[in-house]
Q: 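The following block contains the structure, expressed as structure tokens.
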Amino acid sequence: MIKPVIQVENLAKAYQLGQFGTGTLSRDFQRFWTTRILGKEDPYLKIEEKTSSHSKNNNDLFWSLRDINFDVFQGDAVGIIGKNGAGKSTLLKLLSRVTSPTKGQIKVKGRIASLLEVGTGFHPELTGRENIFLNGAILGMRKSEINKKLDEIIYFSGVERYIDTPVKRYSSGMYVRLAFAVAAHLESEILIVDEVLAVGDAEFQKKCLGKMSDISKGEGRTVLFVSHNMAAVKALCNRGIVIEKGTLKQSLPINDAINLYLEESSYLQQITNYNFENVNLTTFEILSNGKSCSTIQAFEPLCFNIEYEYLNTIPLETHLELFIKNKSGIIITTLSTWLSAKTIIPKNGKLKIKCYLNSGFSLLEGSYLVDIRIVDVINQTYENILTFDIINSLESGYIREVQSQYFGTVYTPNMWEILNI
């Protein structure tokens, strides 16, 4: 039986809200003696705290994580997915032993290299070269082992010119480049990477994803990766852990985990009376054959029906943009009044707008998300405001049944000429 390299059992982490010190050591000791030893009321509680049942009931504790259980096996690349504040970074800090759990336990087999924040594990006064040796020493590596990897690390980071400069003079992008190069190349069995890679440019992100893929698939090491870029998570990971409000929702194969996360992140199929900063979106729906729907046959013409009104300031003119995205959050196409040279003039502040897509534009089978942007004095963008599904069948006009994961997402009309020569 294969044993996991990471075992997480009943893991929980709580944080104390507000100020929990009195300001002096003598008063802190008096508070501890009175409440913990004698079991009496805290002498330094404020009046409103004494009368607050909320303070008495939960002791002002915030549970960042509760009852987390999962296993990770050698060679797995695991994407940890969830909204902001779900507890992803807290989980990585616990796994990296940056902080300790309030309850539960973590069993780890092997050395961990982690990249949680810009400059994690770096001493600002030391040079890049010296920090490489410092990080290696923290991982328990000998100087000779680090020397073997040194040239490879420096080359991968792309900061050769500045390697003997104190890292306090590095930009955030240079910090991340060197930190990732160190974490990825030093001999650790487990690599943990938080959203810090977003600081790097697109070319470096691609380079990092390629390296992490090599680490997982080629070298058999374990990778834990947190990112809001679903395309990156899908490309790298084979499993996904979905976290919601501090609890583990499910641990699934990566495609299923991403689908679950996007479903939970999406709004209703039809939007009514949704208030933005200066706009009330009264209707946002998809029409097919004149009817509101969320499931559309491929090749069927469809229409986005939008109604909104300005609450306060009415601009002289405005534009509307719709961004259609696939399940990985990648924009497939933009529908824009500006691109179509159509200016919207909201004379009385109320607008009804329809955008028609004929059969010349055809999405293949799959689930899609829509962002809406209202462009006026303030550019207001609202993500995942609508979701819909495209289904296909032979009856819907296809010559063959196809699925988007094999053939992309958009069907482009084309004509073939075949000559026998």
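For the single chain, residues carry numbers from 1 onward in sequence order.
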Q: Determine the minimum heavy-atom distance between Ser216 and Gly75, stating which atoms define it.
A: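 Here Ser216 and Gly75 meet closest at OG-O, 2.9 Å.
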Q: Heavy-atom distance under 4.5 Å between the side chains of Ile324 and Phe304, does that happen here?
A: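 Result yes, sub-4.5 Å side-chain heavy-atom pair found.
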Q: Does a sphere of radius 6.0 Å around CD in Gln74 hold more than 12 heavy atoms from other residues, nucleotides or ligands, not counting ones at 6.0 Å or beyond?
A: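 Check fails, neighbour count at 12 or below.
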Q: Are Thr318 and Tyr308 packed together at the side-chain level, in the sense that at least one heavy-atom pair is separated by less than 4.5 angstrom?
A: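 A side-chain contact under 4.5 Å exists here.
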Q: In chain order, what residues pass the side chain to side chain donor-acceptor pair (under 3.5 Å) check against Asp164, with sequence neighbours excluded?
A: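 Once residues adjacent in sequence are excluded, the partners of Asp164 under the side chain to side chain donor-acceptor pair (under 3.5 Å) criterion are Arg129.
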Q: Check whether Asp76 reaches the backbone of Phe73 with its side chain - one donor and one acceptor, N or O, closer than 3.5 Å.
A: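 Present.
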Q: Just to verify, which of Asp67, Ile68, Leu95, Thr102 counts as forming a side chain to side chain contact (heavy atoms under 4.5 Å, CB included) with Leu11?
A: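 Answer to the side chain to side chain contact (heavy atoms under 4.5 Å, CB included) test with Leu11 among Asp67, Ile68, Leu95, Thr102: Ile68.
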Q: For a 4.5 angstrom cut-off between non-hydrogen side-chain atoms, does Phe284 reach Leu322?
A: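 SC-SC contact between Phe284 and Leu322 confirmed.
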Q: Is a side-chain donor or acceptor of Thr283 paired with a backbone partner of Glu307 at a separation under 3.5 angstrom?
A: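 Answer holds: no.
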Q: Is there a donor-acceptor pair under 3.5 Å between the side chain of Asn69 and the backbone N or O of Asn10?
A: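 Here the side-chain-to-backbone pair exists.
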Q: Look up atom CE in Met174 and atom OG1 in Thr165, then write down how far apart they are to the nearest 0.5 Å.
A: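 These two atoms lie 7.0 Å from each other.
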Q: Side-chain contact, heavy-atom cut-off 4.5 Å: His123 with Glu130?
A: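 No, too far: nothing below the 4.5 Å cut-off.
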Q: State, to 0.1 Å, how close Leu335 and Cys355 come at their nearest heavy-atom pair, and which atoms those are.
A: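 In terms of heavy atoms, the two residues are closest at CD1-SG, 3.9 Å.
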Q: Quick one: does any side-chain atom of Ser336 pair with a main-chain N or O of Trp338 as donor and acceptor, under 3.5 Å?
A: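 The answer is yes, because a donor-acceptor pair under 3.5 Å joins these two groups.
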Q: Within a strict 4.5 Å, meaning less than it, do heavy atoms of the Lys107 and Glu9 side chains meet?
A: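 Lys107 vs Glu9: side chains touch.
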Q: Are the side chains of Pro253 and Arg239 in touch, meaning some heavy atoms are under 4.5 Å apart?
A: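 Yes, at least one pair of side-chain atoms sits under 4.5 Å.
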Q: Looking at Met212 and Val193, what are the two nearest heavy atoms and their distance?
A: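 Shortest heavy-atom separation between Met212 and Val193 comes out as SD-CG2, 3.8 Å.
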Q: With a cut-off of 6.0 Å (strictly less than), are more than 12 heavy atoms of other residues, nucleotides or ligands near CG of Leu316?
A: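 No.
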Q: Quick one: side chain to side chain donor-acceptor pair (under 3.5 Å) pairs with a partner in residues 141-163, sequence neighbours left out?
A: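 For residues 141-163, and leaving out neighbouring residues, the side chain to side chain donor-acceptor pair (under 3.5 Å) pairs sorted by first residue read Lys149-Glu187.
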Q: Where the side chain of Lys88 meets the backbone of Gly82, is there a donor-acceptor pair that is under 3.5 Å apart?
A: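 Yes, because the side chain of Lys88 sits within donor-acceptor range (under 3.5 Å) of the backbone of Gly82.
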Q: Is the shortest heavy-atom distance from the side chain of Ile81 to the side chain of Val233 under 4.5 Å?
A: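 Heavy-atom side-chain distance check passes, below 4.5 Å.
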Q: In Å and rounded to the nearest 0.5 Å, what is the CD1 to CG distance from Ile330 to Leu369?
A: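 Between Ile330 CD1 and Leu369 CG, I get 11.5 Å after rounding to 0.5 Å.
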Q: According to salt bridge (Lys or Arg N to Asp or Glu O under 4.0 Å), who are the partners of Lys168, at least two apart in sequence or on a separate chain?
A: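 Salt bridge (Lys or Arg N to Asp or Glu O under 4.0 Å) list for Lys168, sorted by chain: Glu125.
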Q: What closest approach, in Å, do Ile254 and Gly240 show between heavy atoms, and which atom pair accounts for it?
A: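 Closest approach of Ile254 to Gly240: CD1-CA, 3.9 Å.
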Q: Strictly distance-based, threshold 3.5 Å: is any side-chain N or O of Asn135 a donor or acceptor partner for the main-chain N or O of Phe122?
A: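 Checked: no pair found.
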Q: For Gln7 and Asp71, indicate whether the former's side chain and the latter's backbone hold a donor-acceptor pair under 3.5 Å.
A: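 Checking the backbone N and O of Asp71 against the side chain of Gln7, no donor-acceptor pair under 3.5 Å is found.
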Q: Under the salt bridge (Lys or Arg N to Asp or Glu O under 4.0 Å) rule, collect the residues that match up with Lys325, sequence neighbours excluded.
A: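 Checked Lys325 against salt bridge (Lys or Arg N to Asp or Glu O under 4.0 Å); matches are Asp371.
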Q: Does any N or O in the side chain of His319 come within less than 3.5 Å of the main-chain N or O of Lys342, such that one atom is a donor and the other an acceptor?
A: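 Yes, because the side chain of His319 sits within donor-acceptor range (under 3.5 Å) of the backbone of Lys342.
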Q: Out of Thr90, Leu94, Thr99, Leu91, which one pairs with Ser64 under the side chain to side chain contact (heavy atoms under 4.5 Å, CB included) rule?
A: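 Single side chain to side chain contact (heavy atoms under 4.5 Å, CB included) partner of Ser64 among Thr90, Leu94, Thr99, Leu91: Thr90.
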Q: Heavy atoms only: give me the nearest Ile153-Ala181 pair and the separation to one decimal.
A: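 That would be O-CB, 3.6 Å.
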Q: Does Arg97 have any salt bridge (Lys or Arg N to Asp or Glu O under 4.0 Å) partners at least two apart in sequence or in another chain, and if so, which?
A: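 Per chain and number, Arg97 pairs via salt bridge (Lys or Arg N to Asp or Glu O under 4.0 Å) with no residue.
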Q: Which pair of heavy atoms, one from Val375 and one from Arg373, lies closest together, and at what distance?
A: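 Scanning both residues completely, I find the closest heavy atoms to be CG2-CD, 3.6 Å.
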Q: Treating Asn280 as the side-chain partner and Glu309 as the backbone partner, does any N or O pair qualify as donor plus acceptor under 3.5 Å?
A: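 Checking the backbone N and O of Glu309 against the side chain of Asn280, no donor-acceptor pair under 3.5 Å is found.
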Q: Is the closest side-chain heavy-atom distance between Ile306 and Ile372 below 4.5 Å?
A: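 Touching, per the 4.5 Å side-chain cut-off.
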Q: Any sub-3.5 Å donor-acceptor pair from Ser292's side-chain atoms to Leu287's backbone N or O?
A: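 The answer is no, because no donor-acceptor pair under 3.5 Å joins these two groups.
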Q: Can you sort out the partners of Phe70 under ring pair (Phe, Tyr, Trp, His ring centres under 6.0 Å), two or more places apart, ordered by chain and number?
A: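 Per chain and number, Phe70 pairs via ring pair (Phe, Tyr, Trp, His ring centres under 6.0 Å) with no residue.
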